Amino acid sequence: RYPLTKMVCTIGPVSEDAETLQQCVSNGLRVMRMNFSHATYEEANLRMTNLRKSKGFHGGTFNMRAVMLDTQGPEIRTGLLIGDPQVSTAKKKKIELVRGSTIDLTTNEEYREKGTPEKLWISYEKLSESLSVGGAILLDDGLIELRVEKISGDVVTCRVMNTGLLGERKGVNLPGCVVDLPALTEKDKQDIRFGIENDIDFIAASFVRKGKDVKAIKDFVAEVHDEIWPKSHPVPGIISKVENQEALKNFDDIMKESYGIMVARGDLGVEIPYENVTLAQKEMIYRCNKNGVPVIVATQMLESMQTNPRPTRAEVSDVTNAVLDGADAVMLSGESANGSYPVESIRALGSIAVQADKHVAMLNQGRFDFPFNKEKTFYMESVEALTYSAVRASQELNAVCIIVMTSTGRTPKLLSKFRPSVPVLAYVEDAKIGRQMILHRGVHPLLFKRKEGSPSPSDSPDVAVKTAIDFGFCVPGETVLILQSIPNEKGHDVAMRIRKVGEDGEDAELRHNAF
């Protein structure tokens with residue numbers, strides 16, 4: 001019911017209706033991704049409306065599920081085609097590129113809508129400046145490979161390395177090349193403004209290449225956010241998608257500027273040798289875990305379930321290994337957006353992740369040897385030390401959950417950094433802070449509103465524990481840990497309580513760590 005690893009699910013035409021989306025939520029959708037390479041504003045509004053109407057286990061009038069807007073990004077694409085009647089249809093024009101033939105790639109606008117097997121328009125103005133003779137160009141997610149033989153002005157002459165059919169407006173990858181593209185296109189800016197107006201929680205930034213790209217996106221988001229919302233309202237978190245060699249090279253700078261990281265294995269597997277993708281995934285997850293940055297593993301996790309009701313054994317292994325590596329979340333794309341089995345895909349992803357979570361908990365039982373140190377991240381060192389101690393205590397005492405009261409979300413996020421084997425129940429008053437906490441492994445936000453004259457979870461551990469019982473986090477007789485802020489003359493102390501659920505009077509054991 002309360003898994004540790006979260007699920008990000010792309011909602012599209014097959015899953016956007018209210019009934020199906022409710023089933024998606026019931027089966028574990030925690031973050032709804034909207035892909036703005038395809039989604040219209042009308043479709044996005046429908047999906048957000050239906051998500052927010054869906055009923056979950058969490059309290060509050062606003063359903064505690066987060067919304068992620070995935071930008072199209074500064075892509076390089078081919079142009080339109082004249083089309084070959086032998087391989088085209090009335091709706092889809094295609095051309096056939098034959099192995100051994102040559103083709104000229106050009107940025108001349110005259111050929112934008114006149115693509116043929118001999119000449120093809122490319123959207124990147126600095127194409128000839130970025131390439132060198134002998135370099136590779138990949139079309140349509142790497143299905144067709146070209147090799148550069150000659151560069152003359154705005155024309156790049158290439159040799160076709162394998163036969164394949166090419167449609168219109170297909171993606172172009174330049175492996176190993178440093179390209180000069182803006183961090184955001186005009187379309188991205190319009191889409192982000194739409195998202196901020198609708199109070200989305202995360203923005204997945206496509207094709208970032210360096211930390212400066214993320215900084216530019218954050219600056220734009222902050223500018224638009226200040227126009228629409230008060231300064232006290234949380235800003236959407238930037239999830240940087242790592243999908244090219246340049247981003248891997250600049251990973252640490254990108255991570256420092258980002259709320260979270262997405263291991264976007266689709267384009268990454270085209271931009272770098274495919275045998276290196278798994279190793280890059282493991283390295284990125286390790287670095288994110290070490291720094292307390294949430295990380296999502298995405299692309300083709302259950303790809304076969306677009307057409308089949310059950311995943312392949314290799315896909316099950318892929319999801320399991322992502323969880324064992326330390327991913328905060330695993331993601332579905334076409335499986336839940338366009339496939340024949342959207343709900344079944346989410347159910348399968350959840351069941352695999354839960355089993356992997358149990359295995360991680362079993363491995364961690366009785367030991368505490370994280371492969372990373374206690375580096376200071378984004379909060380005061382003393383609170384980080386307390387969260388480290390709380391996670392360690394939860395394992396040594398076989399606690400079933402950690403309860404925390406938070407106003408900013410920082411303490412639950414720090415708890416998540418140290419990978420507890422039990423869920424973190426985070427009481428929060430701000431719905432958006434709660435929704436953003438959902439992405440972090442193990443953290444389950446619970447929205448509450450203070451009522452005058454009535455005790456709240458932040459005021460009373462008894463209320464907090466009772467609510468935890470009501471929501472199924474614990475039962476009488478089990479041990480829970482409670483982190484609570486206690487006011488004092490200088491501000492507040494943070495206390496850790498270790499408590500046996502259901503005992504009357506004083507806690508069975510009480511430890512204060514005041515800072």
Side-chain angles (χ1 to χ4, degrees), residues 8 10 33-39 68-79 107 122-127 129-131 135-143 169-192 195 202-221 236-274 276-277 280-281 284 288 293 295-300 331 333-334:
V8 179
T10 307
R33 171 179 175 258
M34 299 188 295
N35 185 356
F36 272 72
S37 292
H38 308 290
M68 177 187 294
L69 185 157
D70 197 326
T71 64
Q72 178 174 297
E75 297 177 305
I76 304 175
R77 290 190 174 272
T78 63
T107 57
I122 303 294
S123 64
Y124 180 42
E125 292 183 359
K126 297 183 179 180
L127 181 70
E129 299 175 30
S130 301
L131 293 166
I137 300 174
L138 302 175
L139 307 179
D140 195 6
D141 287 336
L143 296 179
R169 292 189 50 77
K170 294 301 181 180
V172 179
N173 293 91
L174 311 177
C177 293
V178 177
V179 299
D180 184 14
L181 290 169
L184 292 172
T185 65
E186 287 305 313
K187 177 185 178 342
D188 294 335
K189 292 179 179 179
Q190 294 173 10
D191 294 344
I192 287 173
F202 301 106
I203 296 168
S206 298
F207 302 107
V208 296
R209 296 179 178 272
K210 47 190 178 294
K212 290 181 180 179
D213 290 345
V214 187
K215 180 66 164 58
I217 296 170
K218 286 168 61 179
D219 289 345
F220 176 76
V221 169
I238 305 300
I239 309 298
S240 294
K241 297 169 65 178
V242 177
E243 43 197 336
N244 52 63
Q245 182 66 54
E246 191 177 353
L248 284 175
K249 180 181 177 182
N250 299 315
F251 182 78
D252 287 343
D253 289 340
I254 290 171
M255 180 177 62
K256 288 174 184 175
E257 292 288 351
S258 305
Y259 184 98
I261 293 291
M262 183 186 294
V263 183
R265 303 181 302 180
D267 279 279
L268 186 62
V270 177
E271 288 275 342
I272 69 173
Y274 54 76
N276 291 340
V277 173
Q281 171 181 315
M284 284 187 277
C288 287
V293 175
V295 56
I296 305 165
V297 176
T299 318
Q300 296 182 331
M331 191 178 100
S333 300

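Please read all numbers here as calculations on a predicted model, not as lab measurements.
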Subject >> Heavy-atom pair with the smallest gap, counting every atom of Ile122 and Val172 >> reply: CD1-CG2, 4.0 Å
Original post:
Between Lys189 and Glu186, is there a salt bridge with N-O shorter than 4.0 Å?
Top reply: yes
Original post:
Between Ile254, Ile217, Ile203, which is the residue that forms a side-chain contact (heavy atoms from CB on, under 4.5 Å) with Ser240?
Top reply: Ile254
Subject >> Inter-residue atom distance Gln281.CD - Thr299.OG1, 0.5 Å rounding >> reply: 10.0 Å
Original post:
Under the 3.5 angstrom rule, does the side chain of Tyr124 hit a backbone N or O of Glu75 as a donor-acceptor pair?
Top reply: no
Original post:
With distance as the sole test, does Asn35 use its side chain to make a donor-acceptor pair with the main-chain N or O of Ser37 at under 3.5 Å?
Top reply: yes
Original post:
Can you tell if the side chain of Cys288 reaches within under 4.5 Å of the side chain of Met255, non-hydrogen atoms only?
Top reply: yes
Original post:
Hey, does Arg33 have a side-chain heavy atom less than 4.5 Å from the side chain of Ser333?
Top reply: yes
Original post:
For the residue pair Arg77 and Gly171, what are the closest heavy atoms and their distance?
Top reply: NH1-N, 3.6 Å
Original post:
Is there a side-chain contact between Val297 and Arg265 (heavy atoms, below 4.5 Å)?
Top reply: yes
Original post:
Between atom NZ of Lys170 and atom CG of Leu139, what is the distance when rounded to the nearest 0.5 Å?
Top reply: 11.0 Å
Subject >> Atom of Ser206, atom of Gly73 and distance for their closest heavy-atom approach >> reply: CB-CA, 3.9 Å
Subject >> Main-chain N/O of Glu246 paired with Arg209 side-chain donor or acceptor, under 3.5 Å >> reply: no
Original post:
Hey, are the side chains of Leu131 and Cys177 touching, using non-hydrogen atoms and a 4.5 Å cut-off?
Top reply: yes
**OP:** For the pair Lys215 and Asp219, find out whether any cationic side-chain nitrogen is under 4.0 Å from an anionic carboxylate oxygen.
**Re:** yes
Original post:
Considering only heavy atoms from C-beta outward, does the side chain of Leu181 approach that of Phe207 to under 4.5 Å?
Top reply: no
**OP:** Please report the shortest heavy-atom distance between Leu69 and Asp191, naming the atom on each side.
**Re:** CD1-O, 3.3 Å
Original post:
Do Leu268 and Asn244 come close enough that some side-chain heavy atom pair is under 4.5 Å?
Top reply: no
**OP:** Answer yes or no: is there a side-chain heavy-atom contact under 4.5 Å between Leu127 and Leu174?
**Re:** yes
Subject >> Nearest-0.5 Å distance that lies between atom CZ in Phe251 and atom OG in Ser258 >> reply: 8.0 Å
**OP:** Enter the distance from Asn173:CG to Ile76:CD1 here, rounded to the nearest 0.5 Å.
**Re:** 8.0 Å
Subject >> Separation of Thr185 OG1 from Gln190 CD (nearest 0.5 Å) >> reply: 8.5 Å
Subject >> Ile296 and Met68, any side-chain heavy atoms less than 4.5 Å apart >> reply: yes
**OP:** Any chance you could measure Asp267, atom CG, to Glu243, atom CD, to the nearest 0.5 Å?
**Re:** 5.0 Å
Original post:
Are Lys241 and Asp70 within salt-bridge range, i.e. N to O under 4.0 Å?
Top reply: yes
Subject >> Exam field: side chain Lys218 to backbone Glu257, donor-acceptor pair closer than 3.5 Å >> reply: yes
